[in-house]
Engineer: 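Just passing along the structure, written as structure tokens.
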Protein chains: 4
Amino acid sequence: MIIIDYKDRRPIYEQVAERLEELILKGVLEPGSQLPSVRNLAVELSINPNTIQRAYMELERRRFIYSVKGKGSFIADNENLIDIKKEEVLETLTDVIKEAKEIGISKEQIIDKVSEGYR
Amino acid sequence: MIIIDYKDRRPIYEQVAERLEELILKGVLEPGSQLPSVRNLAVELSINPNTIQRAYMELERRRFIYSVKGKGSFIADNENLIDIKKEEVLETLTDVIKEAKEIGISKEQIIDKVSEGYR
Amino acid sequence: MIIIDYKDRRPIYEQVAERLEELILKGVLEPGSQLPSVRNLAVELSINPNTIQRAYMELERRRFIYSVKGKGSFIADNENLIDIKKEEVLETLTDVIKEAKEIGISKEQIIDKVSEGYR
Amino acid sequence: MIIIDYKDRRPIYEQVAERLEELILKGVLEPGSQLPSVRNLAVELSINPNTIQRAYMELERRRFIYSVKGKGSFIADNENLIDIKKEEVLETLTDVIKEAKEIGISKEQIIDKVSEGYR
DNA sequence: GTGGTCTAGACCACA
DNA sequence: GTGGTCTAGACCACA
């Protein structure tokens, strides 16, 4: 399920976090359900527990999961999981649009790209 | 002209490259003209020559500048400097739109953001 | 009556202790009356008996409850239950005021906050 | 300058961060100046570099310091260092006042404590 | 068993 | 040299 690309320049913990995020957003990992323990996932992926924990910390910071000492880590159970992500993407979008405008890309050109993407 | 923000988490070479790009795109640094030597710019900014070198490499990779051994570095002289940048931004835009679609953001929501940005 | 918030970063035993304290201070659990047994409360809340034990220990340390071997745990029957709590809060307040003073917050600023809180 | 109390239940990284914060707020470590490197401080305190880094990360999150890859870590140079702290303390104060009110401590009692503290 | 902290030490990106 | 990431593995708090 989770594949680490060692050629990728991004750190492993980031790759793991991103992949888990994807599985969460797609519903493969269900809201409220328990994630594999730090140790188990570490063994499964053949990477260090510390690295997994770092990934979990990142997802916790973004409110996708939460960890309970002595119990384990869990997918956030609010239904708004997807909203957290939408917010993040819309923010990125706003930034890109701003930059596009600044360098002289016309509104029409952007609309075209949007139409293309939603074709 | 070039101000480095050490509080910025991005590496210094990236900041230098970005700032030079900006000066190039705005025409402050004219197409075909010579850039300051790595050594001189390093002294001027009080940073390591390696860092400038790295910034120049980055701009060369993106075709904004080119280097001539023994002579120095020069702003690309094709008139389409701005087009290189537009291409890059449109590519980023395409990526973001794709992601937005995937997580269920509607076309209308995006169009709204675009209209907002171009108001 | 006792709801555990797993998203809360504090340990479960602390949450249980705090909630029991609240029920005691509000008089829902009456002075002198018996608390549910560690085992029963554990079953009721679906958490580990060790966790309840730990919560009871904490409340005992703070003199809100006392345990009798072979009989169970009881709410302290002195009438000044609330005074124990007041003492604790006033002590915390003293600490915060001290720190506020040290970093240059004026007496007036604090008085303002107090007035705000009691408005 | 920095003394670690191994009997203290708080993690070492937190103790280090708190102590550094103190030195920063008191002006012992001057705004804009460089902190000891992660490695050097680790050797000096006989603790692991990772632990120091964790402390630095914490201070960076709270904007007291910033780190530059390849250069080092620095005290934030905005003059508002103390304001960051004041904000934090006033927030704590607000919380304590709220709790005090809830358990029936009178406004006068609090004002008394304030006067005591500022005597 | 589970997450949190820590050590000892390696290697990389960057300056 | 400096911070950032990672490994291998230990011990603690908590459940």
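Lettering of chains follows the sequences in order, A, B, ..., and the numbering in each one begins at 1.
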Engineer: Nearest-Å distance, CG (Leu35(A)) to P (dT2(E))?
Structural biologist: 12 Å
Engineer: State, yes or no, whether a side-chain contact exists between Val96(A) and Asp95(B) at a heavy-atom distance under 4.5 Å.
Structural biologist: no
Engineer: Once you round it to whole Å, what is the distance between P of dT2(F) and CD1 of Ile52(D)?
Structural biologist: 14 Å
Engineer: Could you pull out all residues at least two apart from Thr92(D) that satisfy side chain to side chain donor-acceptor pair (under 3.5 Å)?
Structural biologist: none
Engineer: Hey, can you pull the donor-acceptor pairs under 3.5 Å for the side chains in residues 18-27 of chain D, sequence neighbours left out?
Structural biologist:
{"unit_1": "Glu18(D)", "atom_1": "OE2", "unit_2": "Arg10(D)", "atom_2": "NH1", "d": "2.9"}
{"unit_1": "Arg19(D)", "atom_1": "NE", "unit_2": "Met1(D)", "atom_2": "O", "d": "2.8"}
{"unit_1": "Arg19(D)", "atom_1": "NH1", "unit_2": "Glu22(D)", "atom_2": "OE2", "d": "3.1"}
{"unit_1": "Arg19(D)", "atom_1": "NH2", "unit_2": "Met1(D)", "atom_2": "O", "d": "3.1"}
{"unit_1": "Glu21(D)", "atom_1": "OE1", "unit_2": "Arg62(D)", "atom_2": "NH1", "d": "2.9"}
{"unit_1": "Glu21(D)", "atom_1": "OE1", "unit_2": "Arg62(D)", "atom_2": "NH2", "d": "3.0"}
{"unit_1": "Glu21(D)", "atom_1": "OE2", "unit_2": "Lys85(D)", "atom_2": "NZ", "d": "2.8"}
{"unit_1": "Glu22(D)", "atom_1": "OE2", "unit_2": "Lys26(D)", "atom_2": "NZ", "d": "3.4"}

Engineer: In this structure, how many angstroms lie between the C1' atom of dG3(F) and the NZ atom of Lys7(B), rounded?
Structural biologist: 18 Å
Engineer: How many whole angstroms separate atom CG of Leu41(D) from atom C1' of dT2(F)?
Structural biologist: 14 Å
Engineer: Taking the axis from the first five pairs and the axis from the last five, what angle separates them in the helix from dG1(E)-dC14(F) to dC14(E)-dG1(F), rounded to 10 degrees?
Structural biologist: 20°
Engineer: Does Thr51(B) reach the side chain of Leu45(B), with side-chain heavy atoms less than 4.5 Å apart?
Structural biologist: no
Engineer: Whole Å only: how far is the OH atom of Tyr66(A) from the P atom of dG3(E)?
Structural biologist: 13 Å
Engineer: Could you note down all residue pairs passing ring pair (Phe, Tyr, Trp, His ring centres under 6.0 Å) where residues 51-93 of chain D supplies at least one of them, sequence neighbours left out?
Structural biologist: Tyr66(D)-Phe74(D)
Engineer: Are there more than 12 heavy atoms of other residues, nucleotides or ligands under 6.0 Å from atom CD of Glu91(B)?
Structural biologist: no
Engineer: Would a 4.5 Å heavy-atom cut-off, applied to side chains only, mark Ser67(A) and Glu60(A) as touching?
Structural biologist: yes
Engineer: Using only side-chain N and O atoms of Ser67(A), determine if any of them is under 4.0 Å from OP1 or OP2 of dG3(E).
Structural biologist: no
Engineer: Please encode protein proximity along nucleotides 7-15 of chain F as a string of B, S and -, counting only heavy-atom distances under 4.0 Å.
Structural biologist: BBB-B--BS
Engineer: When the side chains of residues 32-44 of chain C are checked against the rest of the protein, which donor-acceptor pairs come out under 3.5 Å, sequence neighbours left out?
Structural biologist:
{"unit_1": "Ser33(C)", "atom_1": "OG", "unit_2": "Glu30(C)", "atom_2": "O", "d": "2.6"}
{"unit_1": "Gln34(C)", "atom_1": "NE2", "unit_2": "Lys71(C)", "atom_2": "O", "d": "2.9"}
{"unit_1": "Ser37(C)", "atom_1": "OG", "unit_2": "Asn40(C)", "atom_2": "N", "d": "3.0"}

Engineer: Rounded off to whole Å, could you give me the CG-to-P distance for the Asp5(D) and dC6(E) pair?
Structural biologist: 13 Å
